[in-house]
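This is a predicted model, so every value here is computed, not measured. So that the names make sense, note that chain A is the first sequence line, chain B the second, and so on, each numbered from 1.
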Protein chains: 2
Amino acid sequence: MTVTLADVAARARVSPATVSRVLNGNYPVAASTRERVLRAVDDLDYVLNGPASSLAAATSDLVGILVNDIADPFFGIMAGAAQAEIGGPGDGSGRAGGEKLAVVCNTGGSPERELTYLTLLQRQRAAAVVLTGGAVEDPAHRAAISAKLTKLADAGTRVVLCGRPPLPDGEAFVAALAFDNRGGARRLTEHLLSLGHRRIGYVAGPAERTTTRHRLEGHRDAMRAAGLAVGGAAEAGRTAGAGRTAGGQGWPGDARDEDRLTVHVSYDRRSGYAATLELLDREPEMTAVVAANDTVALGACAAVRERGLRIPEDVSVAGFDDLPFSVDAVPALTTVRLPLAEAGARAGRLAMGKETPPPGGIATIAAELMVRGSTAAPRGR
Amino acid sequence: MTVTLADVAARARVSPATVSRVLNGNYPVAASTRERVLRAVDDLDYVLNGPASSLAAATSDLVGILVNDIADPFFGIMAGAAQAEIGGPGDGSGRAGGEKLAVVCNTGGSPERELTYLTLLQRQRAAAVVLTGGAVEDPAHRAAISAKLTKLADAGTRVVLCGRPPLPDGEAFVAALAFDNRGGARRLTEHLLSLGHRRIGYVAGPAERTTTRHRLEGHRDAMRAAGLAVGGAAEAGRTAGAGRTAGGQGWPGDARDEDRLTVHVSYDRRSGYAATLELLDREPEMTAVVAANDTVALGACAAVRERGLRIPEDVSVAGFDDLPFSVDAVPALTTVRLPLAEAGARAGRLAMGKETPPPGGIATIAAELMVRGSTAAPRGR
DNA sequence: CTGTTAGCGCCTTCAC
DNA sequence: GTGAAGGCGCTAACAG
């Protein structure tokens with residue numbers, strides 16, 4: 001019923017092996033023979049049996065790209081760029097030669113689903129796997145993922161991390177491209193501080209994620225450097241003192257300000273909206289809000305306006321990622337640009353072995369501060 | 001080296017056949033035996049060989065979801081919902097039982113790549129394929145896709161269309177969920193007309209796509225019903241007359257107004273920006289702009305402001321899709337809501353055979369007009 | 001350059 | 001309820 005390679009061989013009057021050779025193109029075949037085989041393939045409308053070929057060759061042409069949230073352009077842009085690099089342009093014939101099948105898998109940010117997808121990809125003997133975005137830092141999951149990645153690597157699957165820092169466990173990977181979230185966040189907050197802001201709220205992403213932690217750390221680094229926040233009990237004395245020097249009325253400098261002015265939410269605008277309302281309640285004198293990402297920042301903007309406050313006159317708002325829509329926000333959003341498409345494309349090339357990995361396998365990708373209309377000096381009040 | 005089913009069988013002291021049976025769960029096995037096998041699987045950290053099993057069973061657990069642009073939330077939302085429905089919640093063990101591997105493939109809107117992906121999926125003997133979003137209407141591609149889908153269906157792959165109308169060729173599919181783009185677009189333009197707008201610009205999507213055509217048709221239906229635009233040469237006389245009755249100074253009613261006030265661009269904000277600038281040049285008296293979708297509308301808003309015009313006082317702007325960010329635009333965007341998540345989920349269930357197809361296999365999904373702040377009555381001028 | 005020969009690892013009738 | 005055996009369709013050594 002279904003046409004097989006043997007059928008093609010018969011029609012082209014060659015052996016199955018020869019057909020296999022022209023199809024895979026990895027072996028010298030006489031031009032005339034190839035011609036005949038190709039014609040037979042077209043005549044019979046033959047399509048290679050993937051599973052059979054993967055079984056025999058012990059490799060498949062599947063490449064998985066894992067993302068935390070496919071509805072978020074942050075991931076869409078990276079995944080799209082990676083996929084374009086992996087899938088190749090196609091030859092328009094629809095015949096699909098030796099192309100890889102680049103597919104994206106949506107984990108929804110769930111470590112369980114991430115693990116499941118990894119297993120499924122392992123089962124398919126995937127040629128490569130690209131993990132994008134921040135990882136959950138829960139030790140159990142971290143270990144499980146590490147073990148799984150090691151197994152994948154052992155089985156010959158190329159593992160690439162994109163926008164995700166290599167874990168301390170040191171799992172096996174071809175390359176890890178990490179964004180400089182910490183540095184970007186620090187520069188962003190420094191920008192606000194230089195504008196004169198002192199009461200800065202922070203809407204952080206979900207706790208336990210590397211991206212969240214790094215961005216928050218960058219923010220706090222800047223705050224502390226300005227003597228504006230307290231890290232933990234150990235630093236309370238010193239930093240509180242510095243704080244008092246800088247601020248007034250016992251503020252800033254309160255040992256709990258960091259916590260009081262930080263809210264953890266998920267990466268969506270609704271959460272940003274709610275969290276900002278909450279921050280505004282906690283600290284009515286707040287003059288700036290830094291959001292975990294641009295999407296959250298949009299929600300923050302809505303909340304600020306909801307309270308009858310103007311951006312940036314009354315409250316400055318900043319985001320992170322510089323997604324395409326951020327420049328169209330009104331006012332345009334000050335944010336930190338991450339070269340998502342470039343990183344995704346590079347990850348794709350790394351997964352294909354088309355590019356040599358960075359020294360040590362690890363590369364840090366710079367984040368660029370984009371100052372736009374949503375931030376300005378605070379009104380004197 | 002790599003552990004196989006036979007290894008598990010040996011360790012569990014049963015035959016390979018039995019192991020296969022407990023793994024697939026499609027056959028009665030004594031509880032104690034199953035227990036033993038499962039333990040052996042865990043002990044050995046066995047992972048099924050997908051290609052081998054697909055080859056033997058002549059089916060795979062791969063389900064492909066094709067999207068035009070993975071960086072566009074329009075597709076991300078649908079794909080994510082479908083994937084969640086297909087992939088199941090996972091059991092947290094990372095063992096991955098009889099789960100399907102739901103993957104999304106980014107065609108970039110290119111028919112060639114769409115065809116290539118379809119071939120790749122066919123090669124993998126995919127269990128199902130979900131095609132999302134509008135199709136290109138070029139006859140050659142239409143025929144090629146149709147033929148391919150028929151072949152897939154013949155091979156046992158369940159084909160589901162989501163947000164894509166069934167093609168006239170009548171290709172084989174389990175179900176087709178089509179958005180009421182035409183009706184939604186018509187109601188949107190009717191809303192503007194009822195507000196008093198007469199000079200309405202339209203930033204359409206890429207030509208040759210069903211979505212573009214349907215939305216544009218809906219818009220023109222409304223315009224013509226109001227006697228405000230001219231379809232083609234055939235209708236020029238009649239409609240132009242009606243137009244003159246309604247308008248003044250030979251406008252509206254010009255036989256080329258439809259073309260003059262319509263610009264085709266791709267679905268991104270930059271295009272929306274450029275197109276709107278162009279429209280503003282062509283028709284400075286324009287009081288409203290309808291965009292192909294929300295993303296394009298955002299660009300349109302930027303262009304309107306660039307010209308020093310206010311929204312909605314000077315120019316009303318409307319979008320389509322009601323993506324999450326649209327409500328946060330300033331002013332909030334009037335648009336047409338499409339139940340993307342619901343449609344995607346339903347498509348996923350259909351692909352899994354978990355839901356019975358609509359009568360005739362075709363269902364139209366309603367589009368709801370969302371009136372918000374970006375549209376208002378035109379200033380008298 | 002091309003044909004021949006063995007499997008790849010699993011599922012699936014069949015018997016028991 | 002369980003085991004034994006054949007083959008799914010293709011690739012990868014080998015010969016020639």
>> Measure CD/A/Glu35 against C1'/C/dC1 and give the value in whole Å, please.
In response: 17 Å
> Could you write out DNA chain C as a dot-bracket string, with dots for unpaired bases, | for bases paired across to another strand, and Watson-Crick or G-U pairs counted at under 3.5 Å?
Replying inline: ||||||||||||||||
> Are any of the side-chain heavy atoms of A/Asn49 and A/Thr4 separated by less than 4.5 Å?
Replying inline: no
> Of A/Ser32 and B/Gly50, whose nearest nucleotide on DNA chain C comes first from the 5' end?
Replying inline: A/Ser32
> Less than 4.0 Å between a side-chain N and a carboxylate O, is that true for A/Arg349 and A/Glu342?
Replying inline: no
> A/Leu44 CG to D/dG9 P: how many Å, rounded?
Replying inline: 14 Å
> For D/dG9, does OP1 or OP2 lie under 4.0 Å from any side-chain N or O of A/Thr4?
Replying inline: no
> How far apart are the closest heavy atoms of A/Thr107 and A/Tyr117, and which atoms are they?
Replying inline: CG2-CD1, 4.3 Å
> With respect to the phosphate group of C/dT2, does any side-chain polar atom (N or O) of A/Thr33 fall under 4.0 Å of OP1 or OP2?
Replying inline: yes
> Between A/Arg123 (CZ) and C/dG9 (P), how many Å, whole number?
Replying inline: 16 Å
> Between B/Glu112 and B/His141, do the side chains contain an N or O donor and an N or O acceptor separated by less than 3.5 Å?
Replying inline: yes
>> When you compare the side chain of B/Leu131 with that of B/Val160, does any pair of heavy atoms fall below 4.5 Å?
In response: no
> Out of C/dC10, C/dC8, C/dG3, which nucleotide sits closest to the side chain of A/Leu55?
Replying inline: C/dC8
> So, B/Glu355 and B/Arg346, do they make that salt bridge, N to O below 4.0 Å?
Replying inline: yes
> A/Asn26 CG to D/dT11 P: how many Å, rounded?
Replying inline: 10 Å
> Should the pair A/Arg164-A/Glu114 be classified as a salt bridge under the 4.0 Å nitrogen-to-oxygen rule?
Replying inline: yes
> With no hydrogens and no angle check, is any side-chain donor or acceptor of A/Asn26 less than 3.5 Å from a backbone partner on A/Asn24?
Replying inline: yes
> Where along nucleotides 11-16 of chain C does protein come under 4.0 Å, by heavy atom, of base (B) or sugar-phosphate alone (S), with - for untouched nucleotides?
Replying inline: SB----
>> Taking the side chain as everything from C-beta on, heavy atoms only, tell me whether B/Thr157 gets closer than 4.5 Å to B/Val129.
In response: yes
